[in-house]
Amino acid sequence: MPGTRPQPTPATRTRSWWGWGWSDAHPGDAECAAMGALVPGTLAHPLPVPRVRDLDIERPAVQPPAGLAHLVSTAPEERAAHAMGKAYRDVVRALRGRPGRIPDLVARPTDEREVADLLDWAGERQVAVVPYGGGSSVSGGVEYRGDAHDAVLSLDLTAMDRVLEVDAVGRAARIQAGALGPGLEDQLRPHGLTLRHFPQSFEFSTLGGWLATRAGGHYATGRTHIDDFVQSLRVVTPAGTSASWRLPASGAGPSPDRLFLGSEGALGVITEAWVRLQERPAHKASASLAFTDFHAALEAVRALAQSDLSPANCRLLDAGEAALSGASHDGSAVLVLGFESADGPVTARLGQAVDLARSHGGRHGGRHGDPGGTGGADDDAAVSAWRSAFLRMPYLRDGLARMGAVAETFETAATWDRIPGLIEAVRTEVGEAALKASGHPAIVNCRLTHVYPDGAAPYFTVLAGGRPGDEVAFWDDLKAVASDVLHRHRATITHHHAVGRDHRPGYDRQRPDPFALALRAAKGALDPRGILNPGVLVD
């Protein structure tokens with residue numbers, strides 16, 4: 001069944017070129033100052049919102065051939081918006097007027113043939129090509145660093161944004177890689193189906209970006225990584241187009257799809273995918289529990305993860321994170337639970353989960369679920385507060401950056417036996433490093449975002465007074481300390497934010513040497529001229 005083209009975003013809203021999300025959603029100067037007053041060592045007044053016209057943008061070093069010129073923009077606003085992702089260090093560089101290497105060209109192909117033509121031309125001219133989806137990377141994955149190429153082209157896939165085909169019987173769809181989250185779901189909604197992949201960046205990221213970064217979604221258990229939804233991929237490489245068969249499963253050798261999942265545009269450009277869908281949930285219920293003992297809360301979460309209850313949301317906030325989100329004001333850790341289903345009521349499963357958490361010392365704060373099974377808004381104040389803070393947090397981070405504060409997150413995953421020691425080591429060592437480097441104490445909070453029977457994914461928030469004018473180096477120093485802790489505890493360098501360039505040193509230490517050898521060989525075979533996202537994953 002053919003799909004439809006998504007409705008355009010209302011023209012009244014514009015994306016921020018320098019920070020997260022929509023320009024009109026950023027906190028004003030007064031709110032920035034109020035937040036900064038809560039973090040010792042910040043500036044007295046917020047840095048001004050940066051303007052593209054104040055940047056030193058050189059003339060493009062190369063021009064596209066006439067046959068491709070209609071796909072390419074050299075406008076300063078377009079080029080600046082495609083220069084970086086949305087990590088803390090990206091925001092600070094923009095605020096300080098130092099965004100790094102700005103691409104010479106921004107191309108928006110509309111089909112696979114145009115992608116191949118752009119790669120052919122770039123290979124002939126030795127132009128670096130950086131594939132670009134929604135630009136929400138927080139690990140340096142969509143920028144060019146270095147000077148090995150004469151010119152840089154940002155390959156924006158968002159004009160390829162259609163659901164091309166829906167198989168309602170097999171509950172799957174063929175979707176172009178440039179489809180942003182909301183547009184993708186809008187096209188699936190008339191079929192009563194959903195991909196059910198909702199990362200925090202959902203509004204500003206694409207299917208291709210999720211695939212290229214092995215993104216994790218919002219849901220805590222079950223199918224949450226984008227890997228779990230893939231039936232087949234089409235990938236355009238300088239060596240040709242890879243098209244895997246659409247299959248429910250296969251044992252035929254190493255999976256071709258697995259080669260490109262997580263490849264971050266270094267091996268090829270993902271142009272479309274067949275992905276597994278689900279019926280839209282009609283039954284929802286949620287609750288929160290408070291814990292005075294964080295270690296008891298960890299045990300409760302482990303018990304839930306090892307049960308067969310499979311909560312959609314099982315997010316544990318430590319006391320600091322709970323206070324920051326407004327979910328708790330008495331020093332308690334908070335466990336946010338949620339269940340949903342397309343088939344039948346989930347209140348009984350929620351009740352079982354609450355009882356299990358209470359047996360580990362949790363205090364039940366409240367629950368909500370429509371007895372009729374239609375779901376609805378949460379009555380639980382802690383759940384509502386957490387959800388609001390979750391959606392607002394990236395904007396508040398940018399407001400704190402304007403005050404000269406370090407406000408960044410990083411995540412990992414480890415087995416249950418290592419989780420308590422890992423969390424304690426990160427809190428202690430990153431906090432001590434921040435105090436030593438700036439003279440001001442740091443706030444290091446933790447929450448569990450995803451849980452598995454054999455482990456969990458801790459997600460850390462770091463708030464600290466920065467070193468005015470030297471914020472990027474300060475954060476890089478803290479990142480190095482955190483990466484060392486993760487490596488020492490055999491925790492992954494990233495659970496769902498991808499490697500990019502920022503995590504590259506940790507990734508080099510994590511991966512086995514024979515695999516690195518094979519990956520370099522794949523890079524050389526598929527991208528012999530070395531034009532695809534240079535510096536990502538392999539040299």
Side-chain angles (χ1 to χ4, degrees), residues 87 138-141 213-217 220-221 224-228 254 258 261-264 294-306 314-318 321 333 408-434 442 444-462 475-520 536-539:
V138 292
S139 58
T213 61
R214 294 185 67 192
T221 68
T224 185
H225 278 271
I226 195 64
D227 312 37
D228 302 324
R258 291 283 174 177
L261 287 169
S263 63
E264 301 191 44
F294 184 69
H295 290 285
L298 287 175
E299 286 299 303
V301 172
R302 182 171 66 86
L304 286 163
Q306 293 175 346
C314 185
R315 197 162 298 228
L316 176 62
L317 319 177
D318 72 4
E321 192 74 6
E408 183 59 309
T409 60
F410 63 94
E411 34 69 52
T412 183
T415 51
W416 281 116
D417 59 314
R418 295 187 174 97
I419 289 292
L422 168 66
I423 292 173
E424 184 60 30
V426 169
R427 285 173 176 160
T428 300
E429 296 184 38
V430 172
E432 290 175 349
V444 184
N445 296 333
C446 178
R447 65 182 185 265
L448 300 188
T449 61
H450 302 74
V451 296
Y452 308 93
D454 52 351
Y459 191 109
F460 297 93
T461 299
V462 181
W475 172 244
D476 286 347
D477 290 344
L478 296 186
K479 187 81 165 180
V481 171
S483 297
D484 284 343
V485 175
L486 300 183
H487 183 72
R488 197 167 68 245
H489 286 259
R490 295 185 68 82
T492 182
I493 190 62
T494 177
H495 173 263
H496 59 263
H497 279 169
V499 175
R501 292 163 179 83
D502 296 344
H503 293 153
R504 175 69 188 278
Y507 176 63
D508 286 348
R509 290 198 289 174
Q510 179 179 328
R511 68 186 177 193
D513 289 340
F515 178 77
L517 184 66
L519 188 58
R520 292 189 190 98
V536 167
L537 299 183
V538 293
D539 295 323

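Keep in mind it's a predicted model, so treat the numbers as computed, not measured.
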When rounded to the nearest 0.5 angstrom, what is the spacing between NE2 in His503 and NE2 in His497? 8.0 Å
To the closest 0.5 Å, what do you measure between CG (Leu317) and CG (Asn445)? 9.5 Å
Return the OG1 to CZ distance between Thr409 and Phe460, rounded to the nearest 0.5 Å. 11.5 Å
What one should report as the nearest heavy-atom pair of Pro420 and Leu298 is CG-CD1, 4.2 Å
Within a reach of under 6.0 Å around CG of Asp513, are more than 12 heavy atoms found that belong to other residues, nucleotides or ligands? no
Kindly determine whether Val426 and His489 satisfy side chain to side chain contact (heavy atoms under 4.5 Å, CB included), including the steps that lead there. CA-CA 10 Å; Val426 169; His489 286 259; over 6 Å; no
To the closest 0.5 Å, what do you measure between OG (Ser263) and CG (Leu537)? 7.0 Å
Residue that, paired with Val451, satisfies side-chain contact (heavy atoms from CB on, under 4.5 Å) out of Val301, Leu304, Leu316: Val301
Short side-chain to backbone donor-acceptor contact, Arg511 and Ala516, under 3.5 Å: no
Per side-chain hydrogen bond (donor to acceptor under 3.5 Å, both in side chains), His225 is matched among Arg214, His450, His495 by His495
Applying side chain to side chain contact (heavy atoms under 4.5 Å, CB included), run through Arg315 and Thr449 and close with a yes or a no. CA-CA 5 Å; Arg315 197 162 298 228; Thr449 61; 3.9 Å; yes
Smallest separation among heavy atoms of Ala491 and Ala414, with atom names: CB-CB, 4.0 Å
Ion pair Arg488/Glu429, N-O distance below 4.0 Å: yes
Counting only heavy atoms from other residues, nucleotides and ligands, does the tally under 6.0 Å from CZ of Arg509 exceed 12? yes
Please give me the minimum heavy-atom distance between Ile419 and Pro458, naming the atom from each residue. CD1-CG, 3.8 Å
Heavy-atom closest pair, residues Arg427 and Cys446: NH2-CB, 4.4 Å
Looking at every non-hydrogen atom in both residues, tell me the closest pair between Trp416 and Tyr452 and how far apart they are. NE1-O, 3.0 Å
Passes side chain to side chain contact (heavy atoms under 4.5 Å, CB included), Val462 versus Glu408? Steps please. CA-CA 5 Å; Val462 181; Glu408 183 59 309; 5.5 Å; no
Any His496 side-chain heavy atom under 4.5 Å of Tyr459 side chain: yes
Under 4.0 Å between a side-chain nitrogen and a carboxylate oxygen: does that hold for Arg504 and Asp539? yes
From the list Leu422, Ile423, Thr428, side-chain contact (heavy atoms from CB on, under 4.5 Å) partner of Val485 resolves to Leu422
Indicate yes or no for a side-chain donor-acceptor contact from Thr412 to the backbone of Ile493 under 3.5 Å, with no hydrogens or angles considered. no
Within a strict 4.5 Å, meaning less than it, do heavy atoms of the Asp318 and Arg447 side chains meet? no
Roughly how far, to the nearest 0.5 Å, is the CZ atom of Arg520 from the CZ atom of Phe515? 11.0 Å
Thr494 vs Glu411, test: side chain to side chain contact (heavy atoms under 4.5 Å, CB included). Steps then yes/no. CA-CA 6 Å; Thr494 177; Glu411 34 69 52; 3.0 Å; yes
Roughly how far apart are Asp417 CG and Asp454 CG, rounded to 0.5 Å? 10.0 Å
Ala498 and Glu264: which non-hydrogen atoms are nearest, and at how many Å? CB-OE2, 3.5 Å
